[in-house]
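One structure is given below, encoded as structure tokens.
Below, all heavy atoms of this structure are taken into account, side chains as well, without hydrogens, waters or symmetry copies. We count ligands from 1, going down the list as the structure has it; atoms in each ligand are counted the same way.
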Amino acid sequence: MHQERVGWANGVVFDTGGPRLIFDPTPGRLLRGDWQVFVTHAHSDHTYGLGTSGKKYSTQETLRIYESLREKTVKNAQTVRIGDKLQFDQTQVTVLNAGHMLGSCQFEVATPNFTAVYTGDINCVDTLTTQAAERRPCDYLVVEATYGHPSYLFPRRSTMYADIVRWSMTELKEGRIPTFQVYSSGKPQELVRLFNLYTKIPVVCSPTISRANRVHNENGVKLDYYDSSTPEGKRMMKKGRWVYISTSKVDHTPKNASPAVTTGWAVRQTFRRYTSFPLSSHADFDQLIQFVKAVNPKKVYIFTGYTDILASEIERKLGIRAAPLPVIAQTKLLDFNEAVT
Ligand SMILES: [Zn+2]
């Protein structure tokens, strides 16, 4: 018998009273027994489960981005859509939008005894490529705290978009190539869309980012860009007016590059020779507080980042119980899942 009904055991687990469900598992000791694996989105710190041999669930978009970046096919995967409900004995798992990147989702777990939501990474405002995270009332909320510190407050997205476009125009006018160094999926596609919608500046993307771009185009997010490894891309890069978007493993970086990063950390940090913009795919502190308020759970469990600080701020501002996500010992894990209270 356990007090907690939610915990961390190399992944997020719930006391379902039966079905063994694990969310965004990370490398670690192998779990005994049959586990159903759920993956919230395609960023590599969340996708370890897609490389494991058991049955796994993710959205079609997440699976396709994962497969195209790694150039391999995942076996034993079932794709789900936002709004889908999956039944495991008496436990139902519902797929909710997370607003973090194309295909990102939260999972609601409803057992006869309680409902819980695991957010994965969330963003609570609309962007050019995603819609704000859904807010689903539940008993237990497991939420991220990447920017769960009161000092992390992001400017309005439209202001950041305008700043990025204005800076790029200035750099081009002075003969430099705006060069954004980002992860391969999520942010780069938002940047491509920004330049497509509000400028006539051609966008060149590195081959890795181009692979993720193609999945976006297949899934209704229209992106116009040149792949730097193609003849058209190479021709474009000989001209003087274009922007470059690349992963941090820089390839084909132009000689006259003006490097920039887009990250929430830019609120408090500078990045030496890089120009930085606080454009993030995560919720900032206020978004997290408003999200928890709307979900109104009995208790909040917090993982990643400022767990202690966000927990005490939630208790102080909202009067809702909150704590870092407790670690469940592997030896207790099967009991944990089979516990019926
Ligand atoms: Zn992420």
Side-chain angles (χ1 to χ4, degrees), residues 8 10-12 22-27 37-51 56-70 74 80 82 95-107 117-134 141-149 152 154 157 180-193 208-209 211-213 215-216 219 221 245 247-248 261-267 277-285 287-288 291 301-307 310 325:
W8 173 263
N10 289 328
V12 175
I22 187 160
F23 296 79
D24 286 348
T26 56
V37 169
F38 294 81
V39 171
T40 56
H41 67 286
H43 285 151
S44 59
D45 51 339
H46 291 255
T47 56
Y48 172 75
L50 291 178
K56 50 260 195 197
Y57 303 84
S58 79
T59 61
Q60 163 76 11
E61 296 89 334
T62 294
L63 190 69
R64 284 288 303 121
I65 293 170
Y66 178 89
E67 288 181 330
S68 64
L69 289 178
R70 285 162 189 75
V74 173
V80 295
I82 303 300
V95 187
L96 309 171
N97 171 40
H100 175 63
M101 64 176 288
L102 180 71
S104 66
C105 65
Q106 314 171 65
F107 290 107
V117 169
Y118 165 58
T119 63
D121 290 345
I122 50 164
N123 160 48
C124 305
V125 296
D126 291 345
T127 79
L128 296 176
T129 52
T130 54
Q131 288 186 318
E134 261 175 277
L141 174 67
V142 186
V143 68
E144 60 134 328
T146 306
Y147 296 113
H149 185 287
Y152 281 102
F154 301 148
R157 216 153 188 96
F180 294 88
Q181 291 186 13
V182 284
Y183 292 127
S184 46
S185 59
K187 201 81 64 64
Q189 288 76 33
E190 186 181 3
L191 288 171
V192 177
R193 191 98 183 107
T208 310
I209 288 176
R211 289 207 289 275
N213 288 355
V215 180
H216 281 67
N219 286 280
V221 179
I245 303 177
T247 54
S248 48
V261 289
T262 55
T263 169
W265 303 116
V267 168
F277 300 95
L279 185 75
S280 177
S281 307
H282 291 266
D284 70 0
F285 177 77
Q287 288 178 45
L288 290 170
F291 181 81
Y301 295 99
I302 303 164
F303 68 97
T304 300
Y306 295 101
T307 52
L310 185 61
L325 185 64

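- A donor-acceptor contact under 3.5 angstrom links the side chains of Asp24 and Thr40, judged on distance only.
- Qualifying salt bridge (Lys or Arg N to Asp or Glu O under 4.0 Å) partners for Glu144, counting only residues two or more places apart in sequence or in other chains: none.
- Between His41 and the options Gln106, Glu61, His46, a side-chain contact (heavy atoms from CB on, under 4.5 Å) holds for only His46.
- For the Zn ion (ligand 1), protein N, O or S atoms under 2.8 Å: 4 in total.
- Looking at Arg157 and Glu190, a side-chain N of the basic residue comes within less than 4.0 Å of a carboxylate O on the acidic one, giving a salt bridge.
- Ring planes of Tyr152 and Tyr147: tilted class, angle from 30 to 60°.
- Side-chain contact check for Thr130 and Thr127: at least one donor-acceptor pair (N or O, by modelled atom type) lies under 3.5 Å.
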